[in-house]
Amino acid sequence: MRTIYFGTFVHSLTLSDLQVLPSAAVGVDEDGTIEFLDQNADSPEVVAEKHSWPVGSYSIVSTDPASASFFFPGFFDTHIHASQYPNVGLFGKTTLLDWLNTYTFPLESSFADLKVADSVYSRVIARTLGNGTTTAAYYATVHTAGTNRLADLALSVGQRAFIGRCCMDANSPDYYCDKSLEEAQKATLDVIEHIKKIDPNYDIVCPILTPRFAASCTKELLSWLGKLSTDTNLPVQTHISENLLEVDLVKSMHPFGNSYADVYDKCGLLGERTILAHAVHLTEDERALIARRGSGVSHCPASNSALTSGETRVKWLLDAGVKVGLGTDVSGGFTPSILHTARQALLVSRHLSMKGDESHKLSIEEVLYLATVGGANVCGLDNKLGNFLPGKKWDAQLITLDCKDSPVDIFPWEREKPEDLIAKWLFNGDDRNVTKVWVNGKLVAGTAFTL
Ligand code: GUN
Ligand code: ZN
């Protein structure tokens with residue numbers, strides 16, 4: 001059945017333009033596509049008549065006028081390791097390369113057991129969806145069966161997901177690696193075949209080619225994945241320039257590249273559907289190359305702080321025309337929430353600005369753009385998702401700030417100040433405020449969701 005959503009809507013049009021639309025109406029058809037967005041609407045019924053929607057042909061979902069609540073687009077998590085979820089917060093004093101060996105590879109290797117995959121993957125999907133993440137770009141592990149299970153679970157719950165079978169045929173521990181190029185190739189193709197079978201048009205789940213990072217792949221594997229992405233138009237995700245020791249390692253492993261980005265480029269991996277996580281230590285030339293290729297960056301501020309990797313210059317990337325979205329990078333990052341990640345992005349940008357260059361500062365409008373439209377850009381889904389413009393899909397969350405047990409305290413004089421309410425949501429809100437979550441027009445999660 002068609003639905004009219006009625007009440008306050010908040011969404012981004014551009015980096016600096018966060019629209020707040022009180023008394024608005026969004027009409028969504030049976031396929032989950034937005035037919036209209038009407039501002040200053042009198043009532044759902046008046047809007048329905050205007051659009052020739054007969055009485056009885058639609059249902060109505062309204063925000064409670066007495067409560068501080070609004071519809072917001074679903075979040076994009078453009079970089080998250082689903083398998084690492086049990087390790088959130090566990091990083092001690094390590095930095096990237098010793099963290100991988102100490103915490104990460106041992107955990108990921110346990111996903112040979114499908115029971116582990118089932119329990120962790122179902123948990124991480126529920127947790128991210130409950131936090132309003134309607135689209136996630138997931139890394140799984142090297143295991144084919146476990147990776148397929150992640151795709152099955154995301155599809156059955158209804159979270160949009162890019163599913164990456166992690167490829168690593170070099171410089172990796174014997175107990176957790178691809179034993180050969182052929183093994184990585186076969187497993188990658190097997191996962192693609194499985195996803196093609198369960199979701200033939202990739203409407204909800206889509207395979208994503210996933211060289212772990214250049215420091216754990218041979219040139220042959222990188223080039224094979226690059227060619228596969230060109231031949232199939234499948235997206236790619238990987239890490240780039242997260243940590244200075246990693247940058248040196250890539251330089252010594254792949255001397256054919258003039259830079260980290262050039263290694264990927266020479267292997268055909270920098271396309272318009274490529275997600276590059278971190279991008280902390282890029283040079284000007286790398287930034288220009290990434291912009292020319294139309295690849296996107298997943299900014300992972302919680303992870304970059306936790307692993308002391310550095311501070312990504314987000315404004316510097318955006319200024320050059322590089323697409324940027326947000327990533328939790330669980331479990332380099334400690335939070336599965338994109339709202340929390342947006343908060344962290346804002347704070348990290350202020351830290352950067354304290355070094356003498358105010359232009360690094362991100363605003364509330366800008367980080368909420370990165371969490372939604374920016375993420376859609378990076379995932380190549382901006383024609384379909386990211387805000388409430390007609391023609392896009394209804395992937396949305398209903399945020400209620402004064403719900404029971406809310407972590408946000410709202411005072412009477414604040415109710416008519418949407419900018420203040422949004423700021424308080426960004427800095428104090430969490431999944432308790434996510435009352436309902438829809439993907440493709442279907443209700444899939446939220447505190448008011450019951451099966
Ligand atoms: N680089 C290679 N693998 C990883 C990983 O699992 N997490 C992060 N943050 N960086 C990586
Ligand atoms: Zn990562």
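Start at 1 with the first residue, then count along the sequence. Counting starts at 1 for both ligands and their atoms, in listed order.
- Aromatic ring pairs are classed by plane angle as parallel below 30°, tilted from 30° to 60° and perpendicular above 60°; the pair F111 and Y121 is tilted.
- W99 counts as a contact of ligand 1, since one of its heavy atoms falls under 4.0 Å from the ligand.
- The protein heavy atom nearest to atom 11 (C) of ligand 1 is H239 NE2, 3.3 Å.
- Classification of K196 and E193 as a salt-bridged pair fails, no side-chain N sitting under 4.0 Å from a carboxylate O.
- Taking every heavy atom of H81 and a limit of under 4.0 angstrom, the matching atoms of ligand 1 come to 5 (C), 6 (O), 7 (N).
- Ranking protein heavy atoms by distance to atom 3 (N) of ligand 1, first place goes to R212 NE, 2.8 Å.
- Classification of the Y139-H81 ring pair by plane angle, with boundaries at 30° and 60°, yields tilted.
- Atom NZ of K219 sits in a sparse spot, with 12 or fewer heavy atoms from other residues, nucleotides or ligands closer than 6.0 Å.
- Atoms of ligand 1 lying under 4.0 Å from any heavy atom of F213, numbered from 1 in the order shown and given with element: 1 (N), 2 (C).
- Contact atoms of ligand 1 toward L96: 8 (C), 10 (N), 11 (C) (distance under 4.0 Å to a heavy atom of the residue).
- Note on K186 versus D190: salt bridge recorded, some NZ/NE/NH1/NH2 to OD/OE distance being below 4.0 Å.
- Ion pairing between E366 and K315 holds under the 4.0 Å rule for side-chain N and carboxylate O.
- In this structure, F72 and F70 have perpendicular ring planes: the angle between them is above 60°, well past the 30° mark.
- The aromatic rings of W438 and F71 sit tilted, their planes meeting at an angle between 30° and 60°.
- For atom 9 (N) of ligand 1, the closest non-hydrogen atom of the protein is D329 OD2, 2.7 Å.
- In summary, R165 and D178 engage in a salt bridge, as defined by a charged side-chain N under 4.0 Å from a carboxylate O.
- Contact check on D431 versus R127 returns a salt bridge, with a Lys/Arg side-chain nitrogen under 4.0 Å from an Asp/Glu carboxylate oxygen.
- The N/O atoms of T104, backbone and side chain alike, include none that comes under 3.5 Å of an N/O atom in ligand 1.
- Distances shorter than 4.0 angstrom occur between a heavy atom of H278 and an atom of ligand 1.
- Shown are the protein N/O/S atoms under 2.8 Å from the Zn ion (ligand 2), given by residue and atom: H79 NE2, H81 NE2, H239 NE2, D329 OD1.
- Side-chain atoms of T102 never come within 3.5 Å of backbone atoms of W99 as a donor-acceptor pair (strictly under, hydrogens ignored).
- In this structure, atom 10 (N) of ligand 1 lies nearest to the protein heavy atom E242 OE1, 2.7 Å.
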